[in-house]
Amino acid sequence: MTTANTEKPAQISREELFKNIISHSKEYGFVFPSSEIYDGLSAVYDYGQLGVELKKNIREYWWKAMTQLHENIVGIDAAIFMHPTTWKASGHVDAFSDPLIDNKDSKKRYRADVLIEEHVAKIEGKIDKEVEKAAKRFGATFDEKMYRTTNPRVLEYQKKAEEINARFKSALEKNDLAEVQQIIVDCEIVCPVSGSRNWTDVRQFNLMFSTQMGSVSEEAGTIYLRPETAQGIFVNFLNVQKTGRMKIPFGIAQTGKAFRNEIVARQFIFRMREFEQMEMQYFVKPGEEMKWYEFWKQARMKWHNSLGIAQDKYRFHDHIKLAHYANAACDIEFEFPFGFKELEGIHSRTDFDLKNHEQFSGKKLQYFDPETNSSYVPYVIETSIGLDRMFLALLSNSYKSETLEDGTIRDVLNLPAFLAPVKVAVLPLVKKDGLPEKAREIMDVLKFDHLCQYDEKDSIGKRYRRQDAIGTPFCITIDHQSLEDSTVTIRHRDDMRQERVSIEKLPAIVEDKVSMKKALKTLTY
RNA sequence: GCGGAAGUAGCUCAUUUGGUAGAGCAUCAGCCUUCCAAGCUGAGGGUGGCCGGUUCGAGCCCGGUCUUCCGCUCCA
């Protein structure tokens, strides 16, 4: 556009904002593309020196909110490797072992097995039509059984259908995808949308990453990298309930890595192949699940609100179409730079998981309720938040490129102080006159409580800006007056205001400003 | 997976038709000593994503490949 508004700088687009956030993340050591020197690995990212701190702080805040503030919620750390049967019981093995095929013209993707089954059904339909016609023709004397076993046309159709079924079955058994595709070609199956036979190869899509355990490469040696942490909680339900003397309702919390072989992984750390979940499974009495579902919806939203992010950045999204195991489900969505997207899921999972694990393991996964003097399989309310998504939510919400009154630009991360990677920067005003020594003394006191940075390079203003860019909430500046009366200034990141305080009181003041305690106290349940 | 675009220093980007690879910021060392970036001097940093082809000569042209972004598709 040549007629661009030259007076006001154009509002940067959301895409540009997102790009800036990604650049900023890399430039200051929050997030790097994985294996970058080898051109990166698709949809995998590494957390850098500041990213790891921010991520750790978010995790800790979630963990404390869940376990420390709820007497009836305890944490575990289950292994990433789990017995393969776990994933049969959970439904993950069957849910995503489908052979997929694309039509090149319509660009539609189909399950190859469904295409073939539909084709067979069509042939069988033809048989029924023949039978119907014959029945009309012969009237009361019609012997359907006889007709089906003797009529040449019917027999031909039947033979065809059986042949296809047999071929398909054997192809599946041999896991021969080329043969599956050949069946589609031979049957002259067309795409319902484009009507063409222009098919891609058949590909097996596996959601779960697998690997081998032990040196024997038999089928039993194949194990999966968990696609969700929840199952580690379910298989430990009895262990925790018994050893922790837990009474229903109670919860088990867990944070940890999960792995999904996404078809399309995009949008930076929003959808990664390796990611970290923070999940809590809450076991309740059957019939009380909706009460607790509502409770956790509110409780989780309260947690988000305690981070000081504007309420209109969040919304609930109720699931209309429910997964087979759920009787209620919703997402907490956050307005990322690329729109409202799922940040956390709250699901009423019924007794689906525990019941299936009972069935597959043969172990009784029930709770004895002394009140009713009976046992039951508890219902489960799940809260599941993506740690990486929360990280991105905080980052995209706090990244600002401000234009100050004097026209200069200030990049700042308005992170909640208790989550900031670096809590305090200790800065001697100048690099002489004993100020660095004094600053070091202060550093040596504060470093036992908080992650601090010492910086004496460049002008003081430049150092403030550097700290702003990584979200450090407070800068302590040691000046000449400090040597005389043992006071320093604390400079606030968000409004650049400064206050003078005595060095003696510094530890208490800083602790009060960066402690998680205040935020946790707002989470009254 | 399909279509489109892109890949040059840590970041943002230049390099008019093919002819020795640059800037700003950042980083480091020194000077200056100053409470809100951009003072001075100097330095380091690039096999132009990778592989191949055309050419006397390729960052630029061609092919392949990898990665990223946008749209579609998929997302138990």
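Below, read A as the first sequence line, B as the second, and so on, with proteins coming before strands; counting in each chain starts at 1. Side chains are part of it too, since the values below use all heavy atoms of this structure and drop only hydrogens, waters and symmetry mates.
Distance noted for atom C1' between G19(B) and C60(B): 12 Å (whole Å). The separation of C51(B) from G7(B), taken at their C1' atoms, amounts to 16 Å, rounded to a whole angstrom. Of the P atoms belonging to U16(B) and C74(B), the separation is 44 Å, rounded to the nearest Å. G63(B) and C75(B): their C1' atoms are spaced 35 Å apart (whole Å). Atom C1' of G39(B) sits at a distance of 27 Å from the matching atom of A14(B), rounded to the whole Å. Taking the C1' atom of each, A37(B) and U27(B) are spaced 15 Å apart, rounded to whole Å. Between the C1' atoms of G71(B) and C28(B), the separation comes to 44 Å (whole Å). Nucleotides G46(B) and A23(B) have their C1' atoms positioned 14 Å apart, rounded to a whole Å.
Ile460(A) comes within 4.0 angstrom of the backbone, heavy atoms only, and of no base. Using a 4.0 Å heavy-atom distance criterion, Asp479(A) is classed as a base contact. Across all strands shown, Phe268(A) has heavy atoms under 4.0 Å from sugar-phosphate atoms exclusively, and none from any base. At the heavy-atom level, Thr489(A) lies under 4.0 Å from base atoms of the strands shown. Heavy atoms of Thr477(A) sit under 4.0 angstrom from at least one base atom.
Applying the 4.0 Å criterion to OP1 and OP2 of C35(B), one finds that Ser459(A) has every side-chain N and O outside that range. Listed pair Arg465(A) / A26(B) fails the phosphate criterion, with no side-chain N or O lying under 4.0 Å from OP1 or OP2. The side chain of Lys462(A) contributes an N or O atom lying less than 4.0 Å from OP1 or OP2 of A26(B). Taking only side-chain nitrogens and oxygens, Lys26(A) comes nearer than 4.0 Å to OP1 or OP2 of C11(B).
Mapping Lys432(A) and Arg491(A) onto RNA chain B by nearest heavy atom places Lys432(A) at the nucleotide closer to the 5' end. If you find the closest nucleotide of RNA chain B to Asp458(A) and to Arg410(A), the one lying nearer the 5' end belongs to Asp458(A).
Here A37(B) presents its P atom at 17 Å from NZ of Lys457(A), a figure rounded to the nearest Å. For Lys19(A) and C70(B), the NZ to P distance is 7 Å, given to the nearest whole Å. The distance from atom CZ of Phe18(A) to atom P of C70(B) is 7 Å, rounded to the nearest whole Å. Between the CE atom of Met272(A) and the C1' atom of C75(B) there is a distance of 16 Å, given to the nearest Å. For the pair Arg463(A) CZ and U27(B) P, the interatomic distance rounds to 12 Å; values are reported in whole Å. Counting to the nearest Å, the C1' atom of A76(B) and the CZ atom of Arg271(A) are 13 Å from each other. In this structure, Phe30(A) atom CZ and C11(B) atom P are separated by 16 Å, rounded to whole Å.
Between the side chains of Thr229(A) and Glu279(A), at least one donor N or O lies within less than 3.5 Å of an accepting N or O.
In the displayed structure, Glu499(A) atom CD is contacted under 6.0 Å by more than 12 heavy atoms of other residues, nucleotides or ligands.
Aromatic ring centres of Phe81(A) and Tyr224(A) lie farther apart than the 6.0 Å criterion allows.
Ring geometry for His24(A) against Tyr28(A) counts as tilted: the plane angle lies between 30° and 60°, on a 0 to 90° scale. A tilted orientation is assigned to the rings of Phe237(A) and Phe283(A), their planes being inclined by 30° to 60°. Taking the six-membered ring for Trp and thresholds of 30 and 60 degrees, Phe268(A) and Tyr45(A) have ring planes more than 60 degrees apart, a perpendicular arrangement.
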